[in-house]
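All residue numbers in this chain count up from 1 along the given sequence. Keep in mind that this is a model prediction, so the values were computed, not measured.
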Amino acid sequence: MVETQGGGGDGGVQFVLHVLRGRWFSLFASFLIMSGAGATYLFGVYSQEIKNTLGYDQTTLVLLGFFKDLGANVGVLSGLIAEVSPTWFVLLVGAAMNFTGYFMIWLSVIGKISKPKVWQMCIYICLGANSQNFANTGALVTSVRNFPESRGNMIGLLKGFTGLSGAIMTQLYLAVYGNDAQSLILLIAWMPAALSLIFVYTIRQMKVVRQPNQQTVFFHCLLISIVLALFLMVTTLLEKAISFSHAAYVVAATVSCALLFSPLLVFIREELAIWRQMKQNNGGVANTIVENPPPTEIPQPQKDQVNSKTSTSSCFSKIFFEKPARGEDYTILQALLSTDMLILFVATLCGLGSSLTAVDNMGQIGGSLGYPKTTVKSFLSLLSIWNFFGRIFSGFVSESLLVRYKFPRTLMMTLVLLLSCIGLLLIAFPFPGSLYVASIIIGFSFGAQLPLLFTIISELFGLKYYSTLFNCGQLASPLGSYILNVKVTGPLCDREALKDLEKKGLTRASVKELTCIGNQCYQLPFIILACVTFFGAMASLILVARTRQFYKGDIYKKFKEQPNTPDTEMASSNTTNKTI
């Protein structure tokens, strides 16, 4: 061990380096990257520009939307790459994909290149949308591994910032470029890529260090994120109601950025406390460097025993009959072929598939029930903001209930799915104002499901192959959406629209597009969706029974064995810089 006495300016430099190398700054960088990882939410803003400039019809635009969703939800490749490469490489690949995909779309829209074929545009948007999985994998997985005891809070916060990313980027593009949809595509191309490049070496896995006030820090971040969400909601509604000047857009963007960067102040305060405690523990020494400390790995109890068994057993029996206990590190095949994962997949397919279908059709539902366009936009705004609240609620509340009362996170998933059933039934059997309540319930339950899914996967199957497993888990979302939206809801609604045409004495060829007006349009589809979601809740209840004993125990026990002194934090944050 080499010790360095720091004072004056040298002490300030050492503290800055300590902050930049610490876990909290890595988490702040993850917040920023996730805040730029929601470009897919802005497709509705710039899709009309693509349609107009390239001369596409609605069918072609829907095809682009499908490839956008396909790229955004199929993240297995990013997970597999993360298993065999460092985080910085994952972020670099994501940045390159993001810039390439959206920059080519921008060049096509402004006419700098010849008009691309439809299949080329599908590749561009799929490539750009898929890049957000690399940002998710690099930032989210690394943060969960750095703060394993607070993974519920962590995932809730990070997915919450992703949910706000569309609104944040909208404020930035209005302030920088004005109301220019073409320039929005350019912003989507360079900004997320730039964030990944800036923090490419900041986000990395570090030694797990327990800190007694860790939960307090996360609650401060929670409050900041709520204030940011409320500000964005109010600003968005005001921009729709009144005409903003460019100066007003600049002010709104400045306030948004100030709130977005506010967690850094909280983290600097936390690092300052660690720094001072370290100095006290070392008799006023300003910095403590450990030369070549051994790499920290998550403890794996009974590893020798497992290895001795697997050395004499077949691959088949290892996958199906010799799985580790819940909470230990499963292999990818052990997890994917387990009963727990199958039940979780079914519950997610039913729950997220139904919720996505409701979200995708909310605009048309409002129109069919006779609401004006301005009111329909309010429904969409309510969906967005309550989606955010669902994400942070499922993270923080489930974590608190788990720690205090051993409340299973799987049971929280069941309750969220049952709540979603209520929202779906409010659409199936509408009454005046019911769509407002349905928007809140569906937005909240939809937002709550993904953080719960990601956290449950990490708890049941371990963190060793989490990069791949959480990306595999979310594959149920696009599959459920395709079945329930494309194959169920769409055809049933078209059937009702054709019935309306027959009553008017018209045929399908006599109208440009099918529209359906009345309560009957979405009644049968949403009764089916409610039943499917209820089935998912019952499947989730089976998982509750299977994991009841697991959640009664201390699922974070192995992480609590880690040291909790500031000296360890200091040592681990300076492994690559030695001062003599």
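Checked against the 6.0 Å centroid threshold, Phe147 and Phe218 count as a close aromatic pair. Between Tyr466 and Phe470, a ring centre-to-centre spacing shorter than 6.0 Å is recorded. Note: Phe393 and Phe444 meet the aromatic proximity criterion, with ring centroids under 6.0 Å apart. Between Phe161 and Phe388, a ring centre-to-centre spacing not shorter than 6.0 Å is recorded.
Under a cut-off of 6.0 angstrom, the local environment of CZ in Phe431 is crowded, with over 12 non-hydrogen atoms contributed by other residues, nucleotides or ligands. In the displayed structure, Tyr371 atom OH is contacted under 6.0 Å by more than 12 heavy atoms of other residues, nucleotides or ligands. The environment of CZ in Phe396 is crowded: more than 12 heavy-atom neighbours from other residues, nucleotides or ligands sit within 6.0 Å.
Side chains of Ser143 and Ser30: a donor-acceptor N/O pair is present below 3.5 angstrom, by distance only. A donor-acceptor pair shorter than 3.5 Å cannot be found between the side chains of Thr489 and Thr357. Arg151 and Thr455 form no side-chain donor-acceptor contact under 3.5 Å, judged by distance and modelled atom types alone. Thr137 and Asn471 share a donor-acceptor pair across their side chains, judged by distance under 3.5 Å alone. Looking only at atom types and distance, the side chain of Glu83 has a donor-acceptor partner in the side chain of Thr468 under 3.5 Å away. Inspection of the Gln449 and Thr348 side chains reveals no N or O donor paired with an N or O acceptor under 3.5 Å. Using modelled atom types and a 3.5 Å distance limit, the side chains of Thr235 and Gln171 yield no donor-acceptor pair. Side chain to side chain, Asn153 and Gln214 fail the donor-acceptor criterion of an N or O pair below 3.5 Å.
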Assess whether side chain to side chain donor-acceptor pair (under 3.5 Å) is satisfied between Gln132 and Asn98, documenting all intermediate values. CA-CA 8 Å; Gln132 76 177 39; Asn98 183 90; over 6 Å; no
Ser35 and Thr162: CA distance, side-chain angles, deciding distance, side-chain contact (heavy atoms from CB on, under 4.5 Å) verdict: CA-CA 5 Å; Ser35 297; Thr162 304; over 6 Å; no
Report the C-alpha distance between Cys521 and Cys516 in whole Å, list the side-chain angles of each, state the deciding distance to 0.1 Å, and finish with yes or no for disulfide (SG to SG under 2.5 Å). CA-CA 6 Å; Cys521 297; Cys516 183; 2.0 Å; yes
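Between the CG atom of Leu484 and the SG atom of Cys350 there is a distance of 7.5 Å, given to the nearest 0.5 Å. Rounded to the nearest 0.5 Å, atoms CG (Asn133) and CE (Met97) are 8.0 Å apart. Note: Leu260 CG to Phe231 CZ = 12.0 Å, rounded to the nearest 0.5 Å. Atom CD1 of residue Ile442 and atom CH2 of residue Trp386 lie 14.0 Å apart, to the nearest 0.5 angstrom.
Of the candidates Leu435, Leu369, Ile365, Pro430 forms a side-chain contact (heavy atoms from CB on, under 4.5 Å) with just one, namely Leu369. Of the residues listed (Glu459, Lys406, Arg326), the one engaging Tyr551 in a side-chain contact (heavy atoms from CB on, under 4.5 Å) is Glu459, and it is the only one.
Using a 4.0 Å cut-off between charged side-chain N and carboxylate O, Glu496 and Lys499 make a salt bridge.
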